[in-house]
**Student:** 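Quick one: this structure, given as C-alpha cells, is what I'll be asking you about.
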Amino acid sequence: MAKLVSEFYVLDVDHITGSNNEAIIRIFGVSDDGKKIVALDPNFTHYFYVTLKEGVDAGVFEEKLKKIYVREGERIFSVIKTEKLRKNYLGREVSAIKVYVNHPSAINKISDEIKKIEGYLDKNEFDIPFSKRYLIDNEICPLTKVRITGEEIDKKNYNVDYLVVIEKIENINGEMIKNPKFLAFDIETYSPRGDIKSNKNKIMAISVFSNYGEKKVFISKKLDGYDYIESFESEDKLIRRFIEYIKKESPDFLIGYNSDVFDFPYLRSKAMEHKISLNIGLDNSQLKFVKHGLYSAARIKGIIHIDLYHFIANVISNTLKTETLDLDSVAREILGYGKVKISWSEMWKIWENGGKDLVKICEYCLRDSELVEKLSEKFLPLMFEITKLVAQPLFEVSRMKFSQFVESYLIKEVKKFNELIPNRPDKDEVEKRKRKTYMGAFVYQPSPGLSENIVVFDFRSLYPSIIVSHNVCPSTINCYCCRGDGNVTPEIGEEKRRYWFCKKRKGIIPSILESLIERRSRIRKIMKEVKKGSSEYIILDARQQALKTIANSMYGYLGFARARWYCLECAESITAWGRSYITSVIEEAKEKGFDVIYGDTDSIMIALKDKTKEDAINFLEKINKKLPGMVLLELQGFYERGIFVSKKSEIEHGAKKKYALIDEKGEITIKGFEYVRRDWADIAKETQAKVLEMILKNKDVDGAMDYIRGIIKKIKNNEVPLRKMAIYTQMTKEFGDYASMGPHVVAAKKASDRGYKIGPGVLIEWVVTKGVGKISDRATLLEEAIEKNLTYDPDYYIKHQIIPATKRILEALGYSFEEIEGKQTRLGGFIEREEKNEGR
DNA sequence: CGAGCCCGGGG
DNA sequence: GTGTACGGGCTCG
C-alpha cells in the first residue's frame, strides 16, 4: 500500500500491544469530509523519572538501572534507555534520571527492582498514562487537527475508511473540529412497580436524534404508519437494529443522559441475555465499562460516548437555578421546554395495552433524545474548549470535575518549566490531609433576615487575583531567599501565624494562572468586535468560560486533599488575604454610612435605605482606586428583596453562600437551601418552597410563620395524607447483605415477610408510623400503612422533615439553630402557643 | 462519636 | 491495558 499524507481531527487515543510486546499508540480520528481513520504510532517510548538521594553518584546509579528487566512468561519488561537530568521540583533543583521502558506496564513490574538500588529516593510521573504522555509530549490535542505522514495498510477488522501507520505526526495550529456528528440516544424500559434496576423487563423503545437531521425511534412492539418509527416484533431484533444503525451512522459523539449508569448497562445486560455482541467500537470491540471513580463509564472505541449528566452535574450545575438535575428541569431552564408529560404508571399501561397509543411512548422517547441533543449544542462548546486546554481525550474530560481540570492543565503546562510532577497522595496521606482544616472565607452577618432594595458587589475573581498578586504557590512558600521579606500574609489563626511567598522567582502556579487570565482578557476584547450570537462568538465565549473555569478552580485545587500540588498553607494564605480585602471594604462602606447586610467570601450586599444607586456606584469607584494590583470590586446587581442566613463562623473552605434574592423582575435566586432530594417527604419539600415564595414575593413573614405553624398543626392533628409523608429509598442489596438495618430495610423486611416481593433495585416507599422505639422499628411500607390504617408519627415529621427543611429560612429570620432544635425550641413555642390558644 | 448506608441521574 | 477517584447527610450501634 501507498505512502500517504493525511490531515484529520483527533477524537480518541489509546494504545495496543504489538506482537513483540511493544506498545503502539492508536489514534482514532475524523477528516473534514467525515472519513474515519485509525492511525498507529509505534515510534513513541514511554518513560518515568527516578529521583536520587543527595550526594549519590548518578552515573553509578544509572549503570545499575540500565540492567534491570523482569521476565513474565514470554514477555520481558525492561529499561531501554536512561538520561541524567536536573529537574525543578517545588522550588528546588533535584537530580533525576529519566527512565525509558519497553512497555507502559513495565513501570510497575520493574519498580520494586529499582527501589533496591542504593541511592534511590522516589519515582515520579510513573502514573501518567502512556496515551496522555504521548499527547502532551507531541503537543497534540484531542478535537484538533493533525497532519500525519505514513503508510496505509490493510484495514483488518476496523470499521473505518483508513488504517495508517504513522511515520511523522504534527499538529496544525490547534485547528478545531468543524462539523462533528452528534447523535443523542435514549431508551425506554417497561418498568411496572417502579422497578427500574432489575433488567428482567423489556426495552420498549430506543430513540436517536442528531445534529445533522437524523431522528428515529425503534420500538419492540408492532406499530405502523409513522415514517420515523421502525417497529420490531421482539426485543432482540430491536437491539440488533440499534447496533447496526450506530455502526452505519458512526457518529463522532454518542450522547446520553445518565447513560453510563442506566442506558448502556441496561442495554448491555439485555444484549447479553440475547447473546448479542455489542461490538459498536470502530475496532469492532464491544462496549466496555471502565472504572471512573465510583462508577463505571461506558467506553466505545473510536466513538466518544458522552454522558451529558456528568458534565451538567460537575461543571454546569452551580450556574443553574434548578436544584435537581433531571433532564426535564435542566431542559426547561436552558431550552425553555421539557419532557413529554406521561406518568410512569401510564407509561407501562400504554405498553401493556399496545395498539395505536404506543406512539405516545415513541414521542416521549424521541423528545428525550431531542433534549439531550439540544443541550449538547449548548454545553459541548465549553466541553470542547476545556478539552483543548487540558489536552486530554473528551471521553475523560466530559466526566471530570474542576480539580481534575486543574490538575490535567498543570500537568500539561509544567513541562515548560522543566518541573517534575509531584506524585498523587496515597490513601493514608489523603486521610491525613482531610483531617486538617483551615480558616475559610469571611462571612459578615450583622443583620440576618429580610432586607429590601439591595445592591450586590463582587470582587472580580478574588482568589485568582490574590494568587497572582502575591505569588502564592507551593514552589514559593517560605522560600529561603526571601526570609523576613517576601509577600507576607496577614495573620492567620489564633497563634497569628504568617507565611511569606517569594518576591524574586515567580511560582509555577501564579505564572500559569496569570497567563490564563491574560488569555481570557484578550479573548474578551476580541469578543467585543464580534457579532453576538455568531458561531465565532459562541466559540470565543466558550473559550473564555473554559479559561475562567480553570482559573477559578486553582484555589480549591490547592486545598483539595487528592491534589498532586496540594498545599494547605497556600490555600490558607489565600483565604487570609481574601478576608482582609473584604473586611476592609466592609469597614469602608460602614464609614461612608452604608448599611452592610451581608458579606460572604467575595461579595458584599448593602441595603440602600436612604442612599441611591448612584451613591453605591460612586463608592465602588472610590474603593477600586485603593485596591492593589489585579484585585477589583464590581457591581453585581440590584435586588428588590432578600433573605439572608446567619452563620456565625465559617471554618470549611470555600464557604457556601446561603441566601435567597428576588430581583426587580421577580426572578428568585436561591443559594444554599438544598432540600430537594427524593429521600425527603413531599410535605417537607412543599413547605420549604411555599415559605420561600411567601416571604420573597409578598414579604409575608407572618404568613409564612403561620403557614409553618399550620402545617405543624395539620401534622399533629393527623390531617396530612399519608402519601405526602412517604420517603423514598432504594434497596441496593439482599436483606442478608445489610450490616446495619436502616429504616427502609426494616420496612421492606416487614413487608417481605408478609409476602411482598422485594429485592435489590426496588424503590421502597416508607413512612414512620406512630409508636414507641427506634425509627426503624416504626418504619413501614406506605402501602402496608395505608392498608392497615396506621397513622404517621407527627413528632418524627416535625423534627426530621419540617424543621430541617425550613430551618435555614427560619434562621434567616432570626430564629437560631439552637432555638429551633434545642429543648426550649421556638417551634416548640409555636406548638405550645397553638395548644394554649386552642385551650383558651 | 464512628461506621454504614444512601443520595444523585435513569424507567 | 494505563491509573486513581465524591461529598454530604442521616441513622444505627
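What you are looking at is a predicted structure, and each value in this text was computed from that prediction instead of being measured. Proteins get letters first, then strands, A, B, ... in listed order; numbering begins at 1 in each.
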**Student:** Does any donor-acceptor pair link the side chain of A:Thr189 with the base of B:dG11 at a separation under 3.5 Å?
**Tutor:** no

**Student:** Quick check on the 6.0 Å ring-centre criterion: do A:Tyr257 and A:Phe185 meet it?
**Tutor:**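 No, the ring of A:Tyr257 stays outside the 6.0 Å limit from the ring of A:Phe185, centre to centre.
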
**Student:** May I ask you to check whether A:Tyr792 and A:Tyr797 place their ring centres under 6.0 Å from each other?
**Tutor:** yes

**Student:** Among the nucleotides C:dG7, B:dG10, C:dC10, which one has an atom lying closest to any side-chain atom of A:Trp680?
**Tutor:**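 Taking heavy atoms from C-beta onward, the closest nucleotide is C:dC10.
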
**Student:** Report which part of the nucleic acid A:Tyr257 touches: base, sugar-phosphate, or nothing (heavy-atom distance under 4.0 Å, all strands).
**Tutor:**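 If one applies the 4.0 Å heavy-atom cut-off, A:Tyr257 turns out to touch the sugar-phosphate alone, with no base involved.
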
**Student:** When the P atoms of C:dG7 and B:dG11 are compared, how many Å lie between them, rounded to an integer?
**Tutor:**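 Taking atom P in both B:dG11 and C:dG7, they lie 27 Å apart.
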
**Student:** Sequence neighbours excluded, which residues qualify as ring-ring contact (aromatic ring centres under 6.0 Å, His included) partners of A:Tyr796?
**Tutor:** A:His800

**Student:** Between B:dC7 atom P and A:Met731 atom CE, what is the distance in whole Å?
**Tutor:** 11 Å

**Student:** When we call it a touch if two heavy atoms are under 4.0 Å apart, what does A:Tyr134 touch: a base, just sugar-phosphate, or nothing?
**Tutor:**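 No contact.
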
**Student:** Taking CZ from A:Phe77 and P from C:dT2, how many angstroms apart are they, rounded to a whole number?
**Tutor:** 8 Å

**Student:** Kindly say whether A:Ala748 contributes a backbone atom to a donor-acceptor pair with the side chain of A:Ser752 at under 3.5 angstrom?
**Tutor:** no

**Student:** Please state how far atom CD in A:Gln801 lies from atom C1' in C:dC10, giving the value in whole angstrom units.
**Tutor:** 11 Å

**Student:** Need one value for A:Lys339: base, sugar-phosphate or nothing, where a base atom within 4.0 Å counts as base even if backbone is also close, heavy atoms only.
**Tutor:**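 Sugar-phosphate, backbone atoms only, no base.
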
**Student:** Looking at every strand, decide which applies to A:Asp263 at a 4.0 Å heavy-atom threshold: base, sugar-phosphate, or nothing.
**Tutor:** nothing

**Student:** For A:Thr729 and A:Trp766, does a side-chain donor sit closer than 3.5 Å to a side-chain acceptor?
**Tutor:** yes

**Student:** Just the atom pairs and distances: protein N or O near nucleotides 11-13 of chain C's N or O, under 3.5 Å.
**Tutor:**
unit_1	atom_1	unit_2	atom_2	d
C:dT11	OP1	A:Tyr796	OH	3.3
C:dT11	OP2	A:His800	ND1	3.4
C:dC12	OP1	A:Ser776	N	3.0
C:dC12	OP1	A:Ser776	OG	3.0
C:dG13	OP2	A:Lys774	NZ	2.9

**Student:** Calculate the interatomic distance between A:Lys401 atom NZ and C:dA5 atom P; express it in whole Å.
**Tutor:** 14 Å

**Student:** Does A:Ser259 reach a base, just sugar-phosphate, or nothing at all? Heavy atoms under 4.0 Å.
**Tutor:** nothing

**Student:** Would you kindly give the CD-to-C1' distance between A:Glu429 and C:dT4, to the nearest whole Å?
**Tutor:**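 Distance, rounded to whole Å: 15 Å.
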
**Student:** Would you say the side chains of A:His305 and A:Ser259 form a donor-acceptor pair under 3.5 Å?
**Tutor:** yes

**Student:** Regarding A:His46, tell me which of base, sugar-phosphate or nothing describes its non-hydrogen contacts under 4.0 Å with the strands shown.
**Tutor:**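 Touches nothing.
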
**Student:** Side chain of A:Lys434 only, please: which of C:dT2, B:dG10, C:dG7 is the nearest?
**Tutor:** C:dG7

**Student:** Have a look at A:Ile107 and say if it touches a base, only the backbone sugar-phosphate, or nothing, with a 4.0 Å heavy-atom cut-off.
**Tutor:**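 Here A:Ile107 touches no strand at all.
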
**Student:** Which is more 5' along DNA chain B, the nucleotide nearest A:Asp368 or the one nearest A:Tyr309? Just name the residue.
**Tutor:** A:Tyr309

**Student:** Between atom NZ in A:Lys685 and atom P in B:dC7, what is the gap in whole Å?
**Tutor:** 12 Å

**Student:** Check for a donor-acceptor pair, side chain of A:Ser329 on one end and backbone N or O of A:Leu325 on the other, with a separation under 3.5 Å.
**Tutor:**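 Not at all, since once roles are kept as given, no pair shorter than 3.5 Å links the two residues.
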
**Student:** Compare the minimum distances between each of B:dG9, C:dG3, C:dA5 and the side chain of A:Val261, then state the nucleotide with the smallest one.
**Tutor:**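 The answer is B:dG9, which lies nearest to the side chain.
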
**Student:** Taking the minimum atom-to-atom distance to the side chain of A:Glu188, which one of B:dG10, C:dG3, B:dG11 wins?
**Tutor:** B:dG11

**Student:** When you measure from the side chain of A:Asn124 to the backbone N and O of A:Ile421, does any donor-acceptor pair fall under 3.5 Å?
**Tutor:**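 Confirmed, A:Asn124 side chain pairs with A:Ile421 backbone.
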
**Student:** With a 4.0 Å cut-off on heavy atoms, is A:Asn423 in touch with a base, just the backbone sugar-phosphate, or nothing at all?
**Tutor:**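 It contacts nothing in the nucleic acid.
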
**Student:** Is A:Lys132 touching bases, backbone alone, or none of the nucleic acid, heavy atoms closer than 4.0 Å?
**Tutor:** base

**Student:** For A:Asn258 and B:dG11, is the shortest distance between a side-chain N/O and OP1 or OP2 below 4.0 Å?
**Tutor:** no

**Student:** Return no unless some side-chain N or O of A:His292 is found under 4.0 Å from OP1 or OP2 of C:dA5.
**Tutor:** no

**Student:** Answer yes or no: does a side-chain N or O of A:Ser105 lie under 4.0 Å from OP1 or OP2 of C:dG1?
**Tutor:** no

**Student:** Return the set of residues passing ring-ring contact (aromatic ring centres under 6.0 Å, His included) with A:Tyr47 (not counting sequence neighbours), or none when no residue passes.
**Tutor:**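 A:Tyr47: ring-ring contact (aromatic ring centres under 6.0 Å, His included) contacts with A:Tyr49, A:Tyr100.
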
**Student:** Does A:Asp307 use its side chain to pair, donor to acceptor, with the backbone of A:Asn258 at less than 3.5 Å?
**Tutor:** yes

**Student:** Which part of the nucleic acid, if any, lies within reach of A:Ile16 when heavy atoms closer than 4.0 Å are counted: base, sugar-phosphate only, or nothing?
**Tutor:**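 No contact.
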
**Student:** Quick one: A:Ile203 CD1 to B:dG11 C1', roughly how many Å, whole number?
**Tutor:**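 For the pair A:Ile203 CD1 and B:dG11 C1', the rounded distance is 11 Å.
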
**Student:** Measure the distance from CZ on A:Arg299 to C1' on C:dT2 and round it to the nearest whole Å.
**Tutor:** 10 Å

**Student:** How far does the P atom of C:dG8 sit from the matching atom of B:dG10, given to the nearest Å?
**Tutor:**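 Rounded to whole Å, the distance is 23 Å.
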
**Student:** Categorize A:Asp307 for me: base, sugar-phosphate, or nothing, with a 4.0 angstrom heavy-atom threshold over every strand shown.
**Tutor:** nothing

**Student:** Below the 4.0 Å mark, does B:dC6 have OP1 or OP2 next to a side-chain nitrogen or oxygen of A:Thr729?
**Tutor:** no

